[in-house]
Amino acid sequence: MSRYFTEDHEWIDVDGDIGTVGISDYAQGQLGDIVFVEVPDDGRRIAKGDEAAVVESVKAASDVYSPASGTVLEGNPALVDDPSLVNSDPEGEGWFFKITLSDPAELEELMDETAYAAFVAKL
Amino acid sequence: MMSDTLPDDELEPIEILTLPLDAWHRAKGGRMVEFAGYHMPVQYDGIMAEHLWTRENAGLFDVSHMGQLTFTGTGTGPGVVPALEALMPADIAGLALNRARYSLLLDDEGGILDDLMLTRQADEQVYMVVNGATKYDDIGHMIERLPDEVTLNLMEDHALLALQGPKAVDALVRLIPGVEKMVFMQAGAFDWNGHALWISRSGYTGEDGFEISVPGDAVEALADALVAQPEVKPIGLGARDSLRLEAGLPLYGHDLDPTTTPVMADLGFALFKRRREAGDFPGAARILAEREGGAATKRVGLLVDGRQPVREGAAVVDAAGAAIGRVTSGGFAPSVGAPIAMAYVPAALAAPGTAVQLSQRGKVHHATVAAMPFVPHRYFRGVK
């Protein structure tokens, strides 16, 4: 399984043609206490870069863009009752949604973990 | 991921000033943002934790961006009290020494130019705290209208701290004995290690607490001494905003502005009886007519259904989706455990319990008009 990152601080784990998307630890730290998450509906077709989810902290509302194109398999139901999972485990239990990838080649444009760490270090 | 409402996005191309505690905030891990033209800490540990800490213990807020003003008369001529009464609807003549009062600086049409706290320090001396973002406009407005016999001094060499929360008194009394004897909206001069402080039992969180005016060169030592108390943690602007929202207290520039009047803003308590009877404050004709017949719109509290915050800028909409009002503050309320908001709505929708619809980013939210405060005030009004 490989993990990729976007410059907008989303991550995507890829296992076969299934991708799991979330926001990075850096992103949750910048947002602060997360109080609400809206995930996409099952079956929704999204293109890379589309607004796919909304995350709201005490101070701000932010859009989460899809790192890849595909069809939504499911949103993370745990975030409805406990959005703070995004703070406590952003790159694990706090995942946002899973998609069936329609164009895995898109992933080549994303950063790997090392490149993302270097990207964040410069912010 | 892209944020559309982080305060960092509001940076303007003007010089951002620093306050006396700037380095102290950074050393304490404060995340600094621009606010009212200054670098200010928006949070330290996190807004939620800081908010809840303040409601249970005591929070230390740096509010040095606010304008501290003194007005002094010569003892001859018209004097400080009538000069200030001409600008606002407060009864200052009837204000006892060392007592504080909330008031509103009004334009000639009754629009609100600022909200403020004033304290009678002597017969011919009034201390006033105004909002940071409006202080220079306020000063310009007042200087133009004050008689020559009244001197206005901006206390730029002073910082202002707010210590707020149910344990604020326990912490402060250890440093400054005697503060516990004051009640809500009482003030006085105190000494701390040779530094002259002006302390009032007041604040903007709905909790018991104090506001401490301190010389800028002593504020770091005082802040250190305060956070050394086990009850006290430094608290940022983020929690200050969520605390005042829960307390139902309006924020100037958001819930109040020149298009709102005291009656629209539901601040009728600031219209004192003697002043209403005399009708001698700016905009009195319009304001008294609104008080009698009701204003077209009114500031109300809203409990928002679900978990998603509805924030400033969202519209109040009718069944057909047309805008009939506006949300002026909103967010997740940590002590309530749900999103709340303040909005201006048509008078017919202002009664508590009324269902309203809100529109934000293309999505409709349901809300119910609620009596404010959302969290009961716990001011210290004396031992019963």
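Numbered from 1 within each chain, the chains take letters A, B, ... in sequence-line order.
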Is the number of heavy atoms from other residues, nucleotides or ligands under 6.0 Å of A:Arg45 CZ greater than 12?
no
Out of curiosity, B:Met48 CE to A:Asn87 CG, how far, rounded to the nearest 0.5 Å?
8.0 Å
Contact origin within A:Pro67 toward chain B - heavy atom pairs under 4.5 Å
neither
A:Val80, part contacting chain B, at a heavy-atom distance under 4.5 Å
backbone
Specify the closest pair of heavy atoms between A:Phe36 and B:Gln308, including all atoms of both residues, with the distance to one decimal.
CE2-CD, 3.2 Å
Do B:His51 and A:Val58 come close enough that some side-chain heavy atom pair is under 4.5 Å?
no
Residue A:Glu74 excluded, over 12 heavy atoms near CD under 6.0 Å
yes
Most chain B-contacting option - heavy-atom pairs closer than 4.5 Å, from A:Ala53, A:Gly29, A:Ser24, A:Ala52
A:Gly29
In short, B:Arg311 meets A:Ser57 closest at the heavy-atom pair NH2-O, 2.7 Å
Nearest heavy-atom pair of B:Arg31 and A:Gln30: which atoms, and what distance?
NH1-O, 2.9 Å
How long is the gap from NZ on A:Lys59 to CD on B:Gln43, to the nearest 0.5 Å?
10.0 Å
Give, as side chain, backbone, both or neither, the part of A:Glu51 having an atom under 4.5 angstrom from any heavy atom of chain B.
neither
Might you point out which heavy atoms bring B:Ala49 and A:Asp33 nearest each other, and give the distance in Å?
N-OD2, 4.3 Å
